[in-house]
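Heads up, the thing below is written out as structure tokens.
Just so it is clear, the structure is predicted and the values come from calculations on it, not from any experiment. Chain identifiers are assigned alphabetically (A, B, ...) following the order of the sequence lines, protein sequences preceding nucleic acid strands; residue numbering begins at 1 within each chain. As a basis for the values below, the full set of heavy atoms in this structure was taken, side chains included, without hydrogen atoms, waters or symmetry mates.
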Number of protein chains: 2
Amino acid sequence: MATKEEYTIKSRIWIRTKNGAFLGFGRVALLKKIDEYGSISKAAADMKMSYKKAWELVNSMNSQHSSPLVIRKIGGKGGGGSVLSAAGKNAIKVFEDLAQKNDDFLNDRMKEIQFDDE
Amino acid sequence: MATKEEYTIKSRIWIRTKNGAFLGFGRVALLKKIDEYGSISKAAADMKMSYKKAWELVNSMNSQHSSPLVIRKIGGKGGGGSVLSAAGKNAIKVFEDLAQKNDDFLNDRMKEIQFDDE
DNA sequence: ATTCGTTATGTTTTCGAATAAATAACGGAA
DNA sequence: TTCCGTTATTTATTCGAAAACATAACGAAT
């Protein structure tokens with residue numbers, strides 16, 4: 001015990017409104033999968049997430065933006081499906097960019113720090 | 001649904017080693033309470049955390065640093081107690097400083113961004 | 001040796017979140 | 001009008017983490 005260790009910093013960021021979480025890592029990952037498959041159910045299956053959970057997340061995101069991030073179609077050819085709106089695609093881009101910048105910032109700061117002076 | 005919203009950014013940071021979590025918000029809060037009370041059990045009670053949980057967190061932190069952050073005394077006058085080492089006090093300072101800088105950074109970036117162009 | 005309040009540690013119980021299951025609704029196509 | 005695979009929604013079940021509980025160990029003081 002108590003040997004000199006190497007420390008790394010981790011972080012999670014998320015964007016919220018007064019009504020709760022809006023975008024986070026999981027939500028953005030879901031958006032990307034929906035974009036890939038054109039289907040909420042396929043996206044959920046791919047992420048090993050229940051369809052119900054995915055549906056709730058989509059609902060939450062859509063209801064917290066002036067226009068829906070995910071456009072859903074019920075019934076019809078192939079049973080329906082879902083696609084991302086321009087706002088949906090933009091949300092992915094903005095969030096990932098912010099997350100990347102934040103990681104860079106933290107890693108830079110971490111270099112300057114040492115806990116363990118031995 | 002879908003009215004224009006105000007977005008805020010939140011974040012959590014934590015420091016880890018290859019053995020798992022080392023410092024995070026909860027752990028630092030615990031360190032501060034131990035410093036305040038001179039007792040793990042009193043700190044735990046104040047935080048409405050079980051003593052066992054607090055003890056495990058202290059153990060985890062101590063074992064991931066070259067010298068213990070919390071110095072424990074079993075038995076004796078008053079039954080014993082615990083105090084922070086210099087390393088423990090430093091850990092609080094370093095972590096809180098980093099968290100603050102990160103918050104500032106994110107809030108600045110957030111000002112430049114808008115999701116919702118209406 | 002007894003007392004005291006703490007640290008130390010194993011065991012049991014509880015609780016809520018996540019998952020799974022079940023069912024309905026939908027609408028284009030054949 | 002039947003079929004299809006999706007979205008939509010409610011209800012039931014499972015599971016694991018957290019809390020609660022229970023005891024032991026400790027050592028200075030009296």
Rounded to whole Å, the NZ-P distance (B:Lys53 to C:dA8) equals 17 Å
Using the rule that two of Ile, Leu, Val, Met, Phe, Trp, Tyr join whenever any of their side-chain heavy atoms come within less than 4.5 Å, decide whether B:Ile71 and B:Phe22 are in one cluster. no
Return the CG to OG distance between A:Asp46 and A:Ser41, rounded to the nearest 0.5 Å. 11.0 Å
Sub-4.0 Å heavy-atom contacts from residues 23-41 of chain A onto DNA chain D, ordered by number: A:Ser39, A:Ile40, A:Ser41
Going by atom type alone, with no hydrogens or angles, which donor-acceptor pairs under 3.5 Å involve a side-chain atom of residues 74-86 of chain B and a protein atom two or more places apart or on another chain?
from    : atom 1 : to      : atom 2 : distance (Å)
B:Ser85 : OG     : B:Pro68 : O      : 2.7
B:Ser85 : OG     : B:Leu69 : O      : 3.3
B:Ser85 : OG     : B:Ala87 : N      : 3.3
B:Ser85 : OG     : B:Gly88 : N      : 3.1

Pairing of A:Lys93 and A:Asp97 as salt bridge, 4.0 angstrom limit: no
Protein-nucleotide distance (A:Leu57, atom CG; C:dT19, atom P), rounded to Å: 11 Å
Once salt bridge (Lys or Arg N to Asp or Glu O under 4.0 Å) is applied, do any residues pair with A:Asp35, and if so which ones, sequence neighbours excluded? none
Scan nucleotides 21-28 of chain C against the protein and return all N/O pairs shorter than 3.5 Å with their distances rounded to 0.1 Å.
from   : atom 1 : to      : atom 2 : distance (Å)
C:dC26 : O2     : A:Gly75 : N      : 3.2
C:dG27 : O4'    : A:Gly76 : N      : 3.3
C:dG27 : N2     : A:Gly76 : O      : 3.1
C:dG27 : N3     : A:Gly76 : N      : 2.9

B:Trp55 vs C:dA8: side-chain N/O to OP1/OP2 distance below 4.0 Å: yes
Salt bridge check, B:Lys32 against B:Glu36: does any charged N sit closer than 4.0 Å to a carboxylate O? no
At what distance, to the nearest 0.5 angstrom, does CH2 of A:Trp14 lie from OG1 of B:Thr8? 10.0 Å
For the helix from C:dA1-D:dT30 to C:dA30-D:dT1, how many degrees between its two end axes (five pairs per end), to the nearest 10°? 10°
State plainly whether one hydrophobic cluster holds both B:Leu31 and B:Tyr37, where clusters connect Ile, Leu, Val, Met, Phe, Trp and Tyr through side-chain heavy atoms under 4.5 angstrom apart. no
Say you draw a straight line from CG of A:Leu30 to CD1 of A:Ile34; how long is it, rounded to the nearest 0.5 Å? 4.0 Å
Nt span of DNA chain D in reach of chain B heavy atoms at under 4.0 Å, 5' end first, is D:dA20 to D:dA28
Rounded distance (Å) that lies between atom P of C:dT19 and atom CE of A:Met47: 11 Å
Test B:Val94 against A:Gln114 for side chain to side chain contact (heavy atoms under 4.5 Å, CB included), laying out the working first. CA-CA 9 Å; B:Val94 167; A:Gln114 69 217 58; over 6 Å; no
Can you tell me which residue among A:Met61, A:Gln64, A:His65 is in a side-chain contact (heavy atoms from CB on, under 4.5 Å) with A:Leu23? A:Met61
Got a salt bridge between A:Glu56 and A:Lys53, using NZ or NE/NH1/NH2 to carboxylate O under 4.0 Å? no
With a cut-off of less than 4.0 Å, is there a side-chain N or O of B:Arg72 near OP1 or OP2 of C:dT6? no
Does the pair A:Ile13 and B:Lys10 meet the rule for a side chain to side chain contact (heavy atoms under 4.5 Å, CB included), with working shown? CA-CA 6 Å; A:Ile13 66 172; B:Lys10 300 285 173 182; over 6 Å; no
